[in-house]
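Just below is one structure, and these are the notes that go with it.
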Amino acid sequence: MELVDQHTKEIMEGFVNQKLKQLENQNGKKLHLAKKAVELIIEKGFDKEYGARRLNHAIDEFIGPLLAECKFSGDWEKIKAISIDKVAK
């Protein structure tokens, strides 16, 4: 049985996309998450008892370190877009 029904999943995907836009505006970089990465964030951010309360934290937990790594790589000014294909479980 799937943990998240399709309607809830669509709403959560919309929230993830909204948060990505917010991060794009904050960082001045285009962000793209692969479908598998979005699914993992939704899986980690959803709880049957509490719903999507942890979704924002899950996004920050997975994407924050990747953005920090890019920022401190020394090439931040050259980077125009960041594509995230996988996130660690």
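If you read the sequence from its start, that first residue is 1, and numbering goes on from there.
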Note, [X] side chain near [Y] side chain (heavy atom, < 4.5 Å):
X	Y	answer
M12	L55	yes
K44	F62	yes
I82	K30	no

| Which atom of C70 lies closest to which atom of S73, heavy atoms considered |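 Scanning both residues completely, I find the closest heavy atoms to be O-OG, 2.8 Å.
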
| task | Can you see which heavy atom on K9 is nearest to which on I42, and at what distance? | result |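 Distance-wise, the nearest heavy atoms are O-CD1, 4.1 Å.
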
Taking [Y]'s backbone N and O only, do any of them form a donor-acceptor pair with [X]'s side chain (distance below 3.5 Å, no angle check)?
X	Y	answer
N27	K29	no
E24	L31	yes
K19	D60	no
D47	Y50	yes

| Residue among I59, I84, N17 satisfying side-chain contact (heavy atoms from CB on, under 4.5 Å) with L33 |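 Running side-chain contact (heavy atoms from CB on, under 4.5 Å) over I59, I84, N17 with L33 returns exactly one hit, I84.
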
| Is the count of non-hydrogen atoms from other residues, nucleotides or ligands lying under 6.0 Å from E69 atom CD greater than 12? |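 12 or below, so no.
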
| query | Are I11 and I41 linked, directly or through other ILVMFWY residues, by side chains that come within less than 4.5 angstrom of each other? | reply |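 No, separate clusters.
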
| request: Can you measure from NZ (K35) to CD (E39) and round to the nearest 0.5 angstrom? | output: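 Separation between the atoms: 5.0 Å.
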
